[in-house]
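Beneath this line is the structure, given in structure tokens, with notes to follow.
The chains referred to below are lettered A, B, ... by the order of the sequence lines, with proteins before strands, and numbering in each begins at 1.
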Amino acid sequence: MRNAEIADALAELGTLYELDGADRFRVLAYRDAAKAIRQSPVSVAELARAGRATELPGVGKTLQQKIVDLVETGTIPAAEKLKAKFPPSLVEITRIPGMGAKTVRRLWDELGIATLDDLREAAEQGRIQKLRGLGPKFERNVLEALERMEVDGAGERVLLSEALPVAEEIAAALREHPAADQVTVAGSVRRLAETCKDIDIIATASEPKQLAEALAEHELIAVAGNPTDAGLRATTHAGISVDLRIVEPDAYGNLLQHFTGSAAHNVELRERAVRMGLSVSEHGITNTETGEVERHAPEAEVYERLGLAYIEPELREGRGEIKAAERGELPELVELEDVRGDLHSHTTLSDGKHTLEEMAEAARERGYEYFAVTDHSATHGFGNDVQADQLLRRVEEVRELNERLYSDGSFRVLAGSEVNILPNGDLDYPDEVLDELDWVIASVHTSFRMTREKMTKRMVAAVENPRVNCLGHPSGRLLLRREPYDFDVEAVAEAAARSGTMIEINGNPNRRDLSEQNARLAAEAGVLICLNTDAHQTGTLANMRYAVATARRAWLEPKQIANTRPWSEFQKLLEAN
DNA sequence: GCCGTTTTCGGCCCGACTGTTTTCAGTCG
């Protein structure tokens, strides 16, 4: 059973308990545990079977047992009991914005509302507003929320690559406005998360309301609320909501810290503050004894006041960064400027849009020292396959190009291939063809639905193949679209560490694969990570920023990443393998 | 239900907003 399924079951059980009127902290415990399970890089089902699920933060003995029950029988007894008491469709209703478990329970008790259809009917008939504490406005909001849920996926998450350019464009426009002072993108966009629910922008301004009005009039904004001195809430034409908050300059750091999050990070930070006799909020830090409030214009002062080293936004996920900051043991994170080469790209030979020379020149212009072209291999299909004789001609073309354009030695192109890993773990070129290449990436492109055991064996075989330099997009996931295939990340990482095979973080913003959790696990296992774009045209070589973002969120330092090395050292890595 | 340089029991972040209320509960981020 997958981590996501276990997490879903526990989150549902938490909501069932909430409907049953359980203590809110108990409910919170189920939600926190579900989140930790969802984020775990290793199989929680296996952990629980081994009695080790309690190693996860927020999972104790009770939940350990419930996970075992779930994995072995497919259900949790407590959940079955509660589902006999309430229709499980009540859990659906709690997903409507503004409808919590308390309200849903009342509607069930007093009006017998069990489904979304029941709810719509009751609202349309005006039966909800007759209940004490729920008026006509609430009823109207329910109907509007139901409509929004049907019309489009309003409020759904979008890829960072959709949110980030919009956030940057809006922030830049606001900065230009004469009323603006400071403008910073906060929230999950600033943390460079994989996906974002909305865009948060923090600002100070001489004329706050004018700045809010400027946002309302921005060409990307489709719908805007009421501009005030406090800011504005708006929605772009693409359906992304944008929240602008304007504050006094002296508390700018407090507000930025608060709205950068994450929620988990802030909770941990504030719990620590409470132990120090302090109370942290977006308005400042209050001394609980004296009631005195300190405000901080620079964000770093917030961390300093709490006795912590400055924590980079990408690390603020409640994954141990506060303890590390306390001990001065935060990593020196890799930066985009550290990257000296890109080792996964496609050209017109397979499914790319630009030629070998166009791609090479674009890579050189980005300041790289080395660049690998890795078109798809013989069994790729879609009419994009490259047969062995074509590949060997490509090797000649690369040699000729290096000689013609890059003979001064400051830049070189590696002749490579992205070779398919066949279901049995073999590669789809003969060894003597692979021996002609400078660089081999091995990736899974077919037969995703193998058992965990078979898929693990398949990938371990590829990683242990002495002709393979690097494993490509290891999980096969597509963010918001396709789940990763099932394999044992730990086993593959151990095999890669043993055999000196690199594993890539694919910077395609749909992939970000290795994920940040898996990249951290692999690097800790001793795997050398490679940051690649998988660019299919010159423009997407810029996706290196997303590979770096994932690496930073995985706590990676330059030394853990192969292609931060200058060519002379990278070359030695290739020779050693 | 979890967890421990204040605790194995008694705590568990903080504030804004909304819609309904005469002081607040519920929901959200």
Pairs under 3.5 Å (N/O, protein and nucleotides 22-27 of chain B):
unit_1 : atom_1 : unit_2 : atom_2 : d
B:dG26 : O3'    : A:T103 : OG1    : 3.4
B:dT27 : OP1    : A:G100 : N      : 2.6
B:dT27 : OP1    : A:G100 : O      : 3.0
B:dT27 : OP1    : A:T103 : N      : 3.2
B:dT27 : OP1    : A:T103 : OG1    : 2.7

Integer-rounded Å distance: B:dT20 C1' and A:K130 NZ: 18 Å
Work out how far the P atom of B:dT21 is from that of B:dC14, and round it to whole angstrom. 31 Å
Quantified in whole Å, what is the P atom distance between nucleotide B:dC12 and nucleotide B:dT7? 15 Å
Trace of the side chain to side chain donor-acceptor pair (under 3.5 Å) decision for A:Q257 with A:N266: CA-CA 9 Å; A:Q257 194 287 316; A:N266 284 354; 3.1 Å; yes
When the nearest nucleotide of DNA chain B is assigned to A:R95 and to A:K137 on a heavy-atom basis, which residue is associated with the more 5' position? A:K137
Base, sugar-phosphate, or nothing for A:F259, non-hydrogen atoms under 4.0 angstrom? nothing
Checking base pairs now: Watson-Crick or wobble, both atom distances under 3.5 Å. What partners B:dC3? B:dG10
From CG of A:L256 across to P of B:dG29 the rounded distance in Å is 20 Å
For the side-chain hydrogen bond (donor to acceptor under 3.5 Å, both in side chains) test, which of A:Q39, A:R552, A:R319 pairs with A:E516? A:R319
Give the nucleotide from the list B:dG29, B:dT6, B:dG1 with an atom nearest to the side chain of A:R26. B:dG1
Assign A:V27 to base, sugar-phosphate, or nothing according to its heavy-atom contacts below 4.0 angstrom with the strands shown. nothing
With rounding to whole Å, what would you report as the distance between B:dT20 and B:dG15 at their P atoms? 26 Å
Interatomic distance where CD1 belongs to A:I199 and P belongs to B:dG29 [whole Å]: 16 Å
Please measure how far the P atom in B:dT23 lies from the corresponding atom in B:dC28, and state the result in whole Å. 26 Å
Could you tell me whether A:L134 contacts a base, only the sugar-phosphate backbone, or nothing, with contacts defined as non-hydrogen atoms closer than 4.0 Å? sugar-phosphate
CZ of A:R157 versus P of B:dG29: gap in Å, rounded? 11 Å
Using the rule side chain to side chain contact (heavy atoms under 4.5 Å, CB included), only one of A:D32, A:V44, A:L70, A:L63 pairs with A:L10; which is it? A:L63
Calculate the interatomic distance between A:I128 atom CD1 and B:dT20 atom P; express it in whole Å. 12 Å
Do A:N508 and A:N510 have side-chain atoms, one donor and one acceptor, less than 3.5 Å apart? yes
Please name the residue in the list A:R512, A:Q517, A:R520, A:E314 that meets the side-chain hydrogen bond (donor to acceptor under 3.5 Å, both in side chains) test with A:T550. A:R512
C1' atom, B:dC2 versus B:dT8: distance in rounded Å? 12 Å
Okay, side chain of A:R482, backbone of A:G476: is any donor-acceptor separation there less than 3.5 Å? yes
Considering only the C1' atoms, how many Å lie between B:dC13 and B:dG29, rounded to the nearest integer? 12 Å
Would you say A:H265 and A:E321 are linked by a side-chain donor-acceptor pair, where the criterion is simply a distance under 3.5 Å? yes
Could you write out each protein N or O paired with an N or O of nucleotides 10-15 of chain B at a distance under 3.5 Å?
unit_1 : atom_1 : unit_2 : atom_2 : d
B:dC12 : O3'    : A:E271 : OE2    : 3.4
B:dC13 : OP2    : A:E271 : OE2    : 2.8
B:dC13 : O2     : A:R270 : NH1    : 2.8
B:dC14 : OP1    : A:S279 : OG     : 3.1
B:dC14 : O4'    : A:R270 : NH1    : 3.1
B:dG15 : O3'    : A:H283 : NE2    : 3.3

Check whether A:T73 reaches the backbone of A:D69 with its side chain - one donor and one acceptor, N or O, closer than 3.5 Å. yes
If you measure from the Lys or Arg side-chain nitrogens to the Asp or Glu carboxylate oxygens, is any gap between A:K323 and A:E326 under 4.0 Å? no
Considering only NZ, NE, NH1 and NH2 on the basic side and carboxylate oxygens on the acidic side, decide whether A:E12 and A:K83 come within less than 4.0 Å. yes
Given atom CD of A:E268 and atom C1' of B:dG4, what is their separation to the nearest angstrom? 14 Å
Could you state the CE-C1' distance from A:M276 to B:dT5, rounded to the nearest angstrom? 13 Å
Does atom CD (A:E144) have a neighbourhood of more than 12 heavy atoms from anything else shown, all under 6.0 Å? yes
Between CZ of A:R106 and P of B:dT20 the distance, given in whole Å, is 12 Å
Is it the case that the side chains of A:T204 and A:D181 hold a donor-acceptor pair, with the cut-off being a distance below 3.5 Å and no angle test? yes
Expected list for residues 65-86 of chain A near DNA chain B, using heavy atoms below 4.0 Å, is A:K66
Is a salt bridge present between A:E55 and A:R52, judged by a nitrogen-to-oxygen distance below 4.0 Å? yes
